[in-house]
Amino acid sequence: RIMGEFVEGFDELSDVTKAVSIFGSSRTEPSDPYYTLTTEIAKTLVKAGYSIITGAGPGAMEAANKGASEAGGESIGLNIEIPIQQKPNRFVKRLLSFRYFFVRRVIFVKYSKALVVMPGGFGTLDEFFEIATLVQTKRVEPIPIILVGQEYWRGLLEWMEQYVLKRGYMEWDDWKRFTICETANEVLKTIESFYKESKPRHPLSVSEPVRRR
């Protein structure tokens with residue numbers, strides 16, 4: 001079953017060369033400003049030539065697939081089979097289903113040029129930290145890791161800076177991998193800047209926005 005999921009994923013997405021994964025809470029309501037912002041981010045990225053990959057579920061995932069679909073781009077969903085059945089949202093145009101989280105994670109990483117993390121809970125945090133760890137341990141090539149929403153992420157980042165970074169549990173180079181963005185255009189500019197520079201440049205460093213307010 002594990003090998004079959006890998007083969008199916010690689011075969012189905014073999015033509016995807018430029019994609020961005022967008023993670024976020026399945027509980028984000030359409031009335032939430034972050035739902036609207038997620039849709040806008042996906043539309044902006046699609047217009048710049050990127051495909052959009054999500055976890056296929058509701059909430060922020062639905063918003064991202066909606067933006068990709070409405071902009072006429074690739075709207076990909078990697079659904080997960082869990083006891084509380086997750087129903088794929090109606091905006092997914094290419095759907096894959098996985099039983100194993102780690103296989104699904106490999107597919108996310110393999111086809112993504114950047115990771116955009118919207119506000120979310122355990123699942124979102126797990127995906128964020130897991131991919132950051134893969135980059136840190138050089139299991140995958142560095143990619144932009146973008147956290148959207150300073151007001152949401154501020155507390156976590158202040159704690160990480162105060163206790164994790166300053167106590168030496170994290171290297172400065174790993175800390176600099178995180179970028180905070182507030183708008184769809186900032187997200188796009190951060191990704192484009194990362195790949196234009198021979199040495200990745202992060203125009204919105206974590207420390208600055210955390211301290212600004």
Next item on the list: Step by step, work out the side-chain contact (heavy atoms from CB on, under 4.5 Å) result for F128 and L147.
Entry: CA-CA 9 Å; F128 163 43; L147 303 174; 3.9 Å; yes
Next item on the list: Tell me, with the steps shown, if N79 and L95 meet side-chain contact (heavy atoms from CB on, under 4.5 Å).
Entry: CA-CA 7 Å; N79 196 36; L95 177 66; 3.9 Å; yes
Next item on the list: Could you walk me through whether F178 and W153 pass side-chain contact (heavy atoms from CB on, under 4.5 Å), step by step?
Entry: CA-CA 11 Å; F178 309 145; W153 296 106; over 6 Å; no
Check: Do Y111 and F10 pass the side-chain contact (heavy atoms from CB on, under 4.5 Å) test, and can you show the C-alpha distance, the side-chain angles, and the key distance before you say yes or no?
Finding: CA-CA 9 Å; Y111 295 100; F10 294 156; 3.6 Å; yes
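Here the side chain of T39 pairs a donor or acceptor atom with the backbone of Y35 at under 3.5 angstrom. Between the side chain of T124 and the backbone N or O of F23 there is no donor-acceptor pair closer than 3.5 Å. T28 places a side-chain N or O within donor-acceptor distance of the main-chain N or O of S25, the cut-off being under 3.5 Å. A donor-acceptor pair under 3.5 Å is formed between the side chain of Y152 and the backbone N or O of G120. Remark: the backbone N or O of K113 is paired with a side-chain donor or acceptor of Y195 at under 3.5 angstrom. Side chain of Q162 to main chain of E158: no donor-acceptor pair is present (N/O by atom type, distance under 3.5 Å, no hydrogens or angles).
Within a 6.0 Å sphere centred on OH of Y163, heavy atoms belonging to other residues, nucleotides or ligands number 12 at most. Counting non-hydrogen atoms of neighbouring residues, nucleotides and ligands closer than 6.0 angstrom, the CZ atom of F101 reaches no more than 12 such neighbours. Enclosure of atom CZ in F122 is not indicated, since only 12 or fewer non-hydrogen atoms of other residues, nucleotides or ligands lie within 6.0 angstrom. Residue-environment remark: CD (E141) stays at or below the threshold of 12 foreign heavy atoms within 6.0 Å.
Two residues are said to be in side-chain contact when any heavy atoms from C-beta on lie closer than 4.5 Å; I146 and I180 fail this criterion. Between D174 and L165, the closest side-chain pair of non-hydrogen atoms is not below 4.5 Å. Residues I143 and I191 have side chains not in contact (no heavy-atom distance under 4.5 Å, counting atoms from C-beta outward).
Only one option out of R1, R99, K87, R104 pairs with E81 in a salt bridge (Lys or Arg N to Asp or Glu O under 4.0 Å); it is R1. Residue V148 forms a side chain to side chain contact (heavy atoms under 4.5 Å, CB included) with just one option from I41, T179, T183, V117, and that option is I41.
Placement of V7 and V106 in two distinct hydrophobic clusters is found when ILVMFWY residues are connected by side-chain heavy-atom separations under 4.5 Å, directly or transitively. Under the 4.5 Å side-chain heavy-atom criterion for grouping Ile, Leu, Val, Met, Phe, Trp and Tyr, V116 is connected to Y34 within one hydrophobic cluster. In the hydrophobic cluster analysis, where Ile, Leu, Val, Met, Phe, Trp and Tyr join through side-chain heavy atoms closer than 4.5 angstrom, M3 is grouped apart from V109. L115 and L78 end up in the same hydrophobic cluster when Ile, Leu, Val, Met, Phe, Trp and Tyr side chains are linked at under 4.5 Å. In terms of hydrophobic clustering, with Ile, Leu, Val, Met, Phe, Trp and Tyr side chains grouped at heavy-atom distances under 4.5 Å, V16 and F91 are assigned to different clusters.
With salt bridges taken as basic N to acidic carboxylate O contacts below 4.0 Å, one links K43 and E70. A salt bridge is defined here as a Lys NZ or Arg NE, NH1 or NH2 lying under 4.0 Å from an Asp or Glu carboxylate O, and D15 with R94 meets this definition.
Rounded to the nearest 0.5 angstrom, I76 CD1 and I107 CD1 are separated by 11.0 Å. With rounding to the nearest 0.5 angstrom, the CZ atom of F102 is 7.5 Å from the OH atom of Y100. Between the OG atom in S97 and the CD atom in E5 there is a gap of 7.5 Å [rounded to 0.5 Å]. Between atom OG of residue S75 and atom CD of residue E62 there is a gap of 10.5 Å, rounded to the nearest 0.5 Å. Taking CZ from R105 and OG from S21, the interatomic distance works out to 10.5 Å, rounded to the nearest 0.5 Å. To the nearest 0.5 Å, atoms CE (M61) and NZ (K66) are separated by 15.5 Å.
Scanning both residues, E12 and L96, for their nearest heavy atoms gives CG-CD1, 3.5 Å. Nearest heavy-atom pair across A63 and T38 is CB-CB, 3.8 Å. Nearest heavy-atom pair across C181 and T190 is SG-OG1, 3.4 Å. Closest heavy-atom contact between A68 and A42: N-CB, 3.8 Å.
The side chain to side chain donor-acceptor pair (under 3.5 Å) search around D11 returns none, not counting sequence neighbours.
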With a 3.5 Å cut-off and sequence neighbours excluded, list the donor-acceptor pairs that the side chains of residues 45-57 form with protein atoms.
residue: T54; atom: OG1; partner: A56; partner atom: N; Å: 2.9
residue: T54; atom: OG1; partner: N65; partner atom: OD1; Å: 2.6

